Every structure is written in C-alpha cells, then in structure tokens.
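What follows is one structure encoded as structure tokens, with my remarks underneath.
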Amino acid sequence: MYFSKIVSTGAYVPEKIVTNDDLSKIVDTNDEWIVSRSGIKNRHFSEDENTSVLASKAAKEILKKINKDPKEIELIVVATVSGDYTTPSVACLVQAEIGAENALAFDVGAACSGFIFGLSVADKFIKTGVYSNAIVIGAEVLSKYLDFEDRGTCVLFADGAAGVYIERSEKGGILGEELGSDGGKGMSLTGGHSQVVNAFNGQKKEGKDFFLKMDGRVIFDFATRKAPKSITALLENAGITKDEIDFVLPHQANSRIVEVVSRKLKIPMDKFYMNMHEYGNTSSASIPIALNEMMEKGLIKEGNKMVMCGFGAGLTWGSMLVEF
Ligand code: 4VN
C-alpha cells in the first residue's frame, strides 16, 4: 500500500469582489448582520466565467508550480455541485483545457464535503497502485444558484476554485479519514432541482427549487454536532492526540460554527484556519482555497499535521488527517 502526499496547491477566484455593502443595496441586509452571524465580509462573484473556467485556471496554477507536463497527469477529480453542464463533467472540460490527455477525469458531487470526498477517491487510486499522481480540485459558481430575494442564504455563498496535486509516496500524506452521509436530513439544504417535465406527462416547470435553499438552524446544528464527533473519531482511529495536530482546516461556511467546533473539541481557535471573511462559502472550493492560502503564506512546514473537515449539503461530512 502507498500513501498520497500533497505536493502542491493552486487556486483561482473570479476578479469581481462583492462586499456586504454591495449586497445591502439589492437585498434587505446589512454589513453588521452578515459579519456577526457568519464572519463573511467579501466574496467573489463570477461575471462570465463558468465553473470549468475557474477549475482550469486553478489547475494551471497547480501545474505551473510543479513544472510538470500535463500529459503526465493520470487522474483529474473535480468536486463540484455547480458544473457548467450535466454532461460533460467539469473534470473532462478541465482535462481538455489543460491538455492532460492521458488522465482519467470525472466529477464528485458532495457539496461542502466534496473536496474531501474527491481527495478520498483519488487517494484510493493511488493507495492501490493504480495511478501514481492526481489533481483534485474543488470548484463552484454558486452565484448562479442564488435567490437574491432570500436574504438568509444569498449573503453566504460565493464562487471560486482551488485544488491540489498529490503523488504516490512511501509514507506521510493522507494518514486517515472519517467520512459519512445523512440523506435523511438532505432536504434541509437543496439547490438545482431538475423537474420531471417532458412532452408526455403534462407537467410544467414551476417553483423556486432551482435556487439554493437552506434551513440554517438544521445545518448549523448538524455541523456543530457532526464535525467534532468526526474529528474525534478520526484522531482516535489514527492513534494521534489533539496536541499533535498543528492545524485544523474546516469548511469555510461560518465563523460561529468554527468557534463552537473549537470549543467542543477543546482545540484552541489559533489552530483553526479561517478566510471566509474574504471568500464567503464556496462549498467544494472552500477548503482548498484556504489550504492554498496557507501554503502561499508559508504557514505549513514539512512534517506538520493537519485535520481538514468538510460538512454540509447531502447532508455529508468528511474529516481527513494529512501530514505534509
Ligand atoms: C455548513 C454550514 C452552513 C451554514 C449553516 C447555517 C448558517 C452556514 C445559520 C444561522 C444564521 C447565519 C447563517 Cl454550517 C452552510 C453550509 C453549506 O456550505 C455548510 N450558515 N447560518 C443566523 O441567523 O445566525
């Protein structure tokens, strides 16, 4: 059995920054409300770049750093719930755009846990010796699913893409994971419903089910219960204590949720990395955008141990222990 080591990262967010004040001009909200409830100040919204464009730009960033011929990439996994098309997948569009013609390419859809689920799948291909490297990207253009008449959700979500290049290694890298799903609560965070309308069933398209809709209370309770449980189980299974963890990188949904998770785990807030104030909640992209930022700031040193933890729509959750 092999391990998958995170060798490099890359990110791309659309240029346009939308502030809380910008939003308060079109929805009944204000900066104080958004910051105090979520920690979010700014977010990036795409003007004309779809999800595969963001993902391809992130992939090119990654390739530039590792100085590798794209033809040598063996696997591309894109985590997304906001692909340009139902088909082709975003991963296939990225493959063509970056010229990774020898790579297997497919998408994984698990919303806010998507990057962790995608990394888990790629890790299995590497662990079992099928492939020796992979690019895993989280990419979303959620702005196209936002209902700007729903002030509870449209201020939270945003657009962006980022990812990692992982490679076969004899030790280190991904050391453990704890993933799960609770479909029973799935209807508390929905979006992009495709209704069964055809020429023979007499149905007409109606309703707002295309838009992202969230029962914030249910998701908040789920996240603050599940994330600490999942991280505790992950560390127990790996035989590692909390003190040995250098960083916790949570899904960047809401700073208040992260504070509760920190308190419950008794892991101090200064080990948790947060950047939702600049990017909002970019679902699958939130963890890799933050990871790339940590890398670029030089915060992560050789041998450091990190727990990444995604949680959200599905409902789904996933924690992963990584040694750099
Ligand atoms: C994980 C979480 C969230 C989320 C849930 C609730 C929430 C984000 C509810 C209360 C509200 C402020 C906002 Cl924990 C979303 C996802 C989806 O990525 C995943 N914000 N809030 C208030 O009124 O205080």
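Each ligand, and each atom within it, is numbered from 1 in the order the structure gives. Counting begins at 1 with the first residue of the sequence. As the structure is a computational prediction, the values presented were derived from the model and not from experiment.
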NZ/Lys204: more than 12 non-hydrogen atoms of other groups inside 6.0 Å = no

Closest to atom 20 (N) of ligand 1 among protein heavy atoms sits Asn254 ND2, 3.2 Å

May I ask you to list the atoms of ligand 1 that are less than 4.0 angstrom from any heavy atom of Phe157?
-> 17 (C), 18 (O)

What residues form a side-chain contact (heavy atoms from CB on, under 4.5 Å) with Phe211, not counting sequence neighbours?
-> Asp147, Lys208

Using residues 308-315 as the side-chain source, report each donor-acceptor pair under 3.5 Å to any protein atom, sequence neighbours left out, with the distance given to one decimal.
none

With side chain to side chain donor-acceptor pair (under 3.5 Å) as the test, would you mind laying out the steps for Ser56 and Lys60 before giving the verdict?
-> CA-CA 6 Å; Ser56 299; Lys60 285 177 188 171; over 6 Å; no

Please check atom 15 (C) of ligand 1 for a protein heavy-atom neighbour under 4.0 Å.
-> yes

Look at atom 19 (C) of ligand 1 and say which protein heavy atom is nearest, naming residue and atom and giving the distance to 0.1 Å.
-> Phe311 O, 3.3 Å

Apply the side chain to side chain donor-acceptor pair (under 3.5 Å) test between Lys144 and each candidate in Asn50, Asp159, Asp84; give the one that qualifies.
-> Asn50

Would you mind telling me if ligand 1 is within reach of the side chain of Trp317, the backbone, both or neither, using heavy atoms under 4.0 Å?
-> neither

Hey, which atoms in ligand 1 end up nearer than 4.0 Å to a heavy atom of Asn281?
-> 15 (C), 16 (C), 17 (C), 18 (O)

Only heavy atoms count here, so choose which of Ser38, Cys112, Gly312 is nearest to atom 17 (C) of ligand 1.
-> Cys112

For Met214, the ligand 1 atoms whose distance to one of its heavy atoms is below 4.0 Å = 4 (C), 5 (C), 6 (C), 7 (C), 8 (C), 15 (C), 20 (N)

Test side chain to side chain donor-acceptor pair (under 3.5 Å) applied to Arg43 and Asn281, Asn20, Thr282, Thr19, the passing residue | Asn20

Assess Lys127 against Phe3: is NZ or CZ under 6.0 Å from the centre of the six-membered ring, and within 45 degrees of the ring's axis?
-> yes

Does CZ in Phe148 sit with more than 12 non-hydrogen atoms of other residues, nucleotides or ligands closer than 6.0 Å?
-> yes

Taking N or O atoms only and a 3.5 Å limit, does Arg217 qualify as a polar contact for ligand 1?
-> no

Looking only at non-hydrogen atoms, which of Lys226, His251, Arg37, Glu140 approaches atom 12 (C) of ligand 1 most closely?
-> Arg37

Under 3.5 Å, is there a donor-acceptor pair linking the side chains of Asn292 and Lys65?
-> yes

Is_contact(atom 10 (C) of ligand 1), protein non-hydrogen, under 4.0 Å | no

At under 4.0 Å between heavy atoms, which part of Phe222 makes contact with ligand 1: side chain, backbone, both or neither?
-> neither

Would you check if the side chain of Lys266 reaches a backbone N or O of Ser262 as a donor-acceptor pair within less than 3.5 Å?
-> no

Around atom 6 (C) of ligand 1, find the nearest protein heavy atom and jot down its residue, atom name and distance.
-> Gly216 O, 3.4 Å

Does at least one non-hydrogen atom of Leu189 fall below 4.0 angstrom from an atom of ligand 1?
-> yes

Those atoms of ligand 1 less than 4.0 Å from some heavy atom in Ala223 = 14 (Cl)

Modelled atom types, side-chain donor and acceptor of Glu140 and Thr80, under 3.5 Å | yes

Is there any N or O on Ser283 that sits under 3.5 Å from an N or O of ligand 1?
-> no

Can you pull out the closest protein heavy atom to atom 24 (O) of ligand 1? Residue, atom name and distance to 0.1 Å, please.
-> Arg256 NH1, 2.9 Å

